[in-house]
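Encoded as structure tokens, the structure appears first; notes follow it.
Every number for a ligand or one of its atoms is a count from 1 in the order of the listing.
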Amino acid sequence: MAITAPKGTRDILPEESYRWIYLEEKIRKLCALYRYEEIRTPMFEKTELFVRGVGQETDIVQKEMYTFEHRDKESFSLKPEGTAAVVRAYGENKLYSQPQPVKLYYITPCFRAERPQKGRYRQFHQFGIEVLGTKSAGIDAEVIAVAARLFVLLQIKNIKLYINSVGCGKCRGDYYEKLKAFLFKNLDALCADCKKRYETNPMRILDCKEETCQKALQGAPFIVEYLCEECRQHFDEVKENLELMGVDYEINPRIVRGLDYYEKTAFEFVSEDIGAQGTVCGGGRYDGLSELIGGPPTPGIGFGLGLERLLMLTEDSLSVKKPPLNIYIASMGRQAEKKAQQFVEALRTAGISAEKDVMGRSLKAQMKYADKSEAENVLILGEEELKTGVAEIKNMQTGRQHSVNIETFEQFIADYKAGAEKG
Ligand code: ATP
Ligand code: MG
């Protein structure tokens, strides 16, 4: 039987990859505008990085990582997300000795052993940004604004920004007591995972997708009501800065983004247009993360944005043009074909995209191919043209023709360009 691609992965064929290129270029330009620089980290890391940096209790670490051993010794995992590796790289490469903050972005494949469905794959791609080295609430707003602007640039409608504050260790002590007391009477209704979370990190229960857990949570207290003075002030400043920047938001106290080291700001962009997998982008502040993985104490904030889901949202609005075929040279006979072979390469040297037949097609079939390829111009070379040293270039859109000298390449290019200008 023919070998197929692994479940949950997909080939991006040329027709679609043009859309990816378009999107990636938009992202790179956007990052330059906000002065974020690209970082590329390895596709795999020591498993320990994710266990500590994503969190032992998370679905990602518990169930979704692709982990393997190198010759029975060290354990490695394919990257399931981008943040932990960037924070590692910041410490390891001493980026803290550069002017702060350090503003980074990445576009990377990620790997998670999930049940594949629409918008959920085992290999997918994330665009992410991370800012390291500042606690400023202004940066929280800037990070959010980068994602918001990308949606605007791509003309994506019906997408909502939800923000929350998940507080810090100080606010959480009190809150956990309150939440646990609330959930205690409904403990049996929680799923097995949430029963564990009840002990280890009760706030994560808010993030659970099980319906029974969501029911048990009705009327539960939210952490925004228990923020300490510092966290409350930070949250107020984030909101104020978002307003200053003209970014619309809605407060959603259910957004927790689970991980222990997440602090203060948490946010998500959710679309109403792509069904169950509606969360396109998620992010937050992680001031404790660097220390947790053995790096220097460094505040940080960032987001991860799923590119497959983003592309699903742009399906209708994005019309991407293929790079054009400037000229197709059709030929008849061995001598003319030689000339065509020489000319297409010389055209490319001059920066003009060119093709000729490589299938031994008849002239008629060559013309059909040129048409299918949407060639802008076609040049026909036959015995007659070789004899006279003059040929016709036909503009396929206007149908207009103009003569070109084919004796020397320089003259040919000059004539080609003159004709192209006239259209
Ligand atoms: P979900 O709740 O959908 O499982 P998540 O909370 O696991 O998402 P994050 O870890 O926050 O997702 O990743 C950030 C973004 O990456 C998501 O908002 C989504 O757009 C994308 N993403 C996550 N997992 C997948 C996947 N398996 N396939 C495609 N995109 C994904
Ligand atoms: Mg997930």
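- Put simply, CG on L154 and NZ on K26 are 6.5 Å apart, with the number rounded to the nearest 0.5 Å.
- Ranking protein heavy atoms by distance to atom 21 (C) of ligand 1, first place goes to G306 CA, 3.6 Å.
- Within the 6.0 Å centre-distance limit, the rings of Y328 and Y369 are counted as a close aromatic pair.
- Under a 3.5 Å cut-off, the side chain of R52 and the backbone N or O of L292 do form a donor-acceptor pair.
- Residue F124 has no nitrogen or oxygen atom sitting less than 3.5 Å from a nitrogen or oxygen atom of ligand 1, judged on distance alone.
- Of all the heavy atoms in G283 and Y262, the pair that sits closest is C-CE2, 4.4 Å.
- Taking atom 12 (O) of ligand 1 as the reference point, the nearest protein heavy-atom neighbour is R112 NH1, 3.7 Å.
- Within the listing of ligand 1, atoms 24 (N), 25 (C), 26 (C), 27 (N) sit less than 4.0 angstrom from a heavy atom of E114.
- Ring centroid separation for the pair Y175 and Y226 comes in under the 6.0 Å cut-off.
- Contacts of C281 with ligand 1, taken as heavy-atom pairs under 4.0 Å, involve the backbone alone.
- Taking the six-membered ring where the residue is Trp, the centroids of Y66 and F111 are separated by 6.0 Å or more.
- With rounding to the nearest 0.5 Å, the separation of NZ in K339 from CG in L381 is 8.0 Å.
- Under the 30°/60° scheme for interplanar angles, the aromatic rings of F269 and F151 are found to be tilted.
- Looking from atom 11 (O) of ligand 1 to the surrounding protein, the closest heavy atom is R257 NH2, 2.5 Å.
- Proximity of atom 6 (O) of ligand 1 to the protein is not indicated, since no non-hydrogen protein atom lies closer than 4.0 angstrom.
- Distances between N or O atoms of Q126 and those of ligand 1 include at least one value under 3.5 Å.
- Looking at R122 against ligand 1, nothing comes within 4.0 Å, counting heavy atoms.
- Shown here for E45 and A85, the closest heavy-atom pair between the two residues is OE2-CB, 3.3 Å.
- Looking at atom 28 (N) of ligand 1, its nearest protein heavy atom turns out to be Y121 N, 2.9 Å.
- Using 4.0 Å as the threshold, R309 has a heavy atom nearer than that to some atom of ligand 1.
- Under a 4.0 Å criterion applied to the non-hydrogen atoms of T279, ligand 1 contributes the atoms 17 (C), 18 (O), 19 (C), 20 (O).
- Not one N or O of G282 is nearer than 3.5 Å to an N or O of ligand 1, by distance alone.
- For K209, the heavy-atom gap to ligand 1 drops under 4.0 angstrom.
- D287 places a side-chain N or O within 3.5 Å of a backbone atom of G300 that can act as its donor or acceptor partner.
- Nearest protein heavy-atom neighbour of atom 20 (O) of ligand 1: V280 O, 2.9 Å.
- Using a 4.0 Å cut-off between heavy atoms, R120 contacts ligand 1 through both its backbone and its side chain.
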